[in-house]
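Read the numbers this way: they start at 1 and go in the same order the structure lists the ligands and their atoms.
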Amino acid sequence: MSELEEQISKRLTFAIISHPDAGKTTITEKLLLFGGAIHAAGAVKSNKSNRGTVSDFMKMEQERGISISTSVMGFDYRNRRVNLLDTPGHADFSEDTYRTLTAVDSALMVIDSVKGVEERTKKLCEICAMRDTPIITFLNKLDREGKEPIELLDEVEQELKISVCPMSWPVGQGRGFKGVYSIYENKLVFFDPNGVQTDNSIEVSDIYDKKLDELVGSEAKKLRDNIELINEIYPKFNKEEFLKGKITPLFFGSAINNFGIKELLDCFVDIAPPPTVRESDIRDVHANEEKFSGVIFKIHANLDPNHRDRIAFLRICSGVFEKNKQYQLVRTGKTYKSANPTAFMAQDRSIIDKAYPGDIVGLHDTGTLKIGDTLTTGEKFNFVGIPSFAPQIFRSVINTDPLKDKQFKKGLDQLGEEGVVQTFTKMSTKQKLVGVVGALQLEVIKARMEDEYKASCKFEPVDFTTACWIDSEDKESLNKFIAYYDSKMAIDTRGQYIFLAQSKWMLDRILEEHPKIKFYFTSDLK
Ligand code: G4P
């Protein structure tokens, strides 16, 4: 195995997907503790804004700006280099999460066993399904009176359209929670409500082992019945199917009590895929190719007005990335070199000399890089699959200080490049429009325009509520469509056509009437 292949086989790059409050922050912290990346609980700050106000969000972002290392948390565990990518806690910024999911090779899904499958988990799981990302699942909060385990499995299968493969099974639940039986390792792990995970597990030969009766009493029969039942209903763990994103191995536990997390992590490092292949617009790019390539999936502006630099997050896709080496920025054809690429290990940032596929490197940027940009050693291809999502809220944006027109345009452009907002221009009126996923984003834009660009703006309502990108192989039909719906057409920053509709109902009707036009609800940034 070459040095490159050895490094690749160690990499495990993943993100946690969950609905707010399911336990993402708690699990992140426990994983970092096991990885030796932190030494005390309380080091990981929740990135959710509880009150959902702008000042709250800005403050939180500012804090995160200072310790930007929380965006990627790297640590070594057993024989793997783990890169855990953080995602925003607030649903209004979900697009940022979607983009981060394109930079991972697998995901850990956390579900609250009291609440079951929730809305946000559903959406994030759909995004993973678009790229067949393998998912491992943790059913959390077993120390609380939650739904029946079998019911939860049904819910996961039905709501998330993914087959489940239980790797452990709870013994009791809520106040009567005694521990889990590990189907994966044939052992019983006892729950200690004090949260100290000592090695309190006992090996058994199988579920018929007499020891079980001594250990858990009357629960033993129920456990046997349940395991027999799940053996009948659910398939045995099959790694191939997991790697294709078709089945999800599933664990039970309680993150706050540090219970079940180690078993989860041990299994995850065994089965999670290293970087393999990534799709570009002209060919598949394999991680073990000698030549470096990578993609920018996120840009983070430092909100400190004294430091106007930004950090672009580069995911290494193939070959070795090196400090001070000249690469090509495919979009512009210009050369690109970084003198201080930053790696994120635990809570530190450090300048690195080399990075391998699966690694995330922070590049200091003053406006050269855009989300979706591909860097190569000279070959001209662009990675696909960093989509923009059709926004759900639209406004017309108006500059309220005519003397600051330049600042207004620059601010809007840069926030667009950072992915905070999508900007469009209406074809008929040249009106500037903004589209966002959540209302809080609009307020953040206004505040950031004032703070960082000294520009002021206001938003006005528009008469459409839904939008999608359009295209067609039949250029004549496309031109006719655009001419006919002139007043409903806009252009995005990449020159792609967007159709604006008053309602979903109207859009569905128009969609049916124009079979030659293709309507897209996500757009790959090119
Ligand atoms: P999030 O990042 O997914 O939003 O969730 P977070 O980890 O912040 O957890 C949300 C709440 O659930 C927290 O309580 C946390 O302590 C609790 N929690 C996490 N895991 C478990 C578990 O296994 N069992 C139980 N019973 N609770 C759990 P909080 O009251 O919102 O915050 P805090 O004051 O405890 O920090």
Side-chain angles (χ1 to χ4, degrees), residues 14-35 37-38 40-52 56-57 60-61 63-64 67 70-73 84-94 96-97 100-101 107-125 128 135-147 149 152 156 168-180 189-197 200 250-265 438 440:
F14 80 106
I16 300 182
I17 56 175
S18 65
H19 194 86
D21 268 350
K24 183 170 73 121
T25 311
T26 313
I27 291 189
T28 301
E29 182 163 279
K30 307 296 180 208
L31 293 176
L32 295 181
L33 279 167
F34 282 120
I38 54 170
V44 180
K45 294 241 170 357
S46 165
N47 65 1
K48 67 188 160 192
S49 125
N50 292 326
R51 284 166 288 159
D56 201 16
F57 183 81
M60 175 181 96
E61 279 290 279
E63 283 167 4
R64 280 158 59 76
S67 71
T70 55
S71 290
V72 183
M73 290 159 277
L84 167 54
L85 273 54
D86 192 20
T87 51
H90 203 290
D92 280 8
F93 293 83
S94 43
D96 215 14
T97 305
T100 296
L101 289 180
L108 162 60
M109 175 160 73
V110 180
I111 294 172
D112 181 333
S113 65
V114 182
K115 296 193 180 138
V117 173
E118 295 173 272
E119 213 40 52
R120 190 102 190 276
T121 318
K122 240 161 116 173
K123 184 79 202 160
L124 296 172
C125 203
C128 287
I135 299 175
I136 190 164
T137 302
F138 186 73
L139 286 163
N140 191 24
K141 308 197 187 179
L142 258 287
D143 58 315
R144 295 182 54 193
E145 311 293 333
K147 298 188 178 188
L152 284 165
V156 171
S168 70
W169 198 256
V171 183
Q173 210 174 341
R175 250 171 277 139
F177 183 49
K178 291 198 167 62
V180 292
V189 191
F190 286 102
F191 174 60
D192 172 2
N194 298 320
V196 195
Q197 173 120 9
N200 49 3
L250 190 139
F251 289 82
F252 291 87
S254 167
I256 195 85
N257 293 299
N258 207 1
F259 186 77
I261 305 284
K262 187 167 181 299
E263 287 72 21
L264 171 83
L265 182 60
L440 181 60

Seminar exercise, completed: Taken to the nearest 0.5 Å, the spacing of L85 CG from F14 CZ works out to 9.0 Å

Between [X] and ligand 1, find which residue part has any heavy-atom pair under 4.0 Å and reply side chain, backbone, both or neither.
{"X": "D143", "result": "side chain"}
{"X": "R144", "result": "side chain"}
{"X": "S254", "result": "both"}
{"X": "N140", "result": "side chain"}

Exercise. Can any side-chain N or O of K24 pair as donor or acceptor with the backbone N or O of T87 at less than 3.5 Å?
Worked result: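 Such a contact is found between K24 side chain and T87 backbone.
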
Problem set entry | Heavy-atom donor-acceptor pair, N140 side chain to V110 backbone, under 3.5 Å | no

Exercise. For ligand 1, which atoms, with element, lie under 4.0 Å from some heavy atom of P20?
Worked result: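 Counting atoms of ligand 1 from 1, those under 4.0 Å from P20 are 4 (O).
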
For this session: Pull out every atom of ligand 1 sitting under 4.0 Å from any heavy atom of K24, numbered as shown with elements.
Result: 1 (P), 2 (O), 3 (O), 5 (O), 7 (O)

For this session: Would you please determine whether N257 falls within less than 4.0 Å of ligand 1 on a heavy-atom basis?
Result: no

Exercise. Quick check: does G23 get an N/O under 3.5 Å from an N/O on ligand 1?
Worked result: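 For ligand 1, there is an N or O atom that lies under 3.5 Å from one belonging to G23.
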
Exercise. Can you find an N or O of I27 that's nearer than 3.5 Å to an N or O of ligand 1?
Worked result: no

Exercise. Using 30° and 60° as the class limits, which term best fits the ring planes of F252 and W169: parallel, tilted or perpendicular?
Worked result: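 F252 vs W169 ring planes: perpendicular.
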
For this session: Test side chain to side chain contact (heavy atoms under 4.5 Å, CB included) on F259 and V189 and set out the steps.
Result: CA-CA 9 Å; F259 186 77; V189 191; 3.9 Å; yes

For this session: Output, in order, the C-alpha distance, side-chain angles, deciding distance and verdict of side chain to side chain contact (heavy atoms under 4.5 Å, CB included) for D21 and E118.
Result: CA-CA 11 Å; D21 268 350; E118 295 173 272; over 6 Å; no

For this session: Work out which heavy atom in L152 is nearest to a heavy atom in S113; give both atom names and the distance.
Result: CD1-CB, 3.7 Å

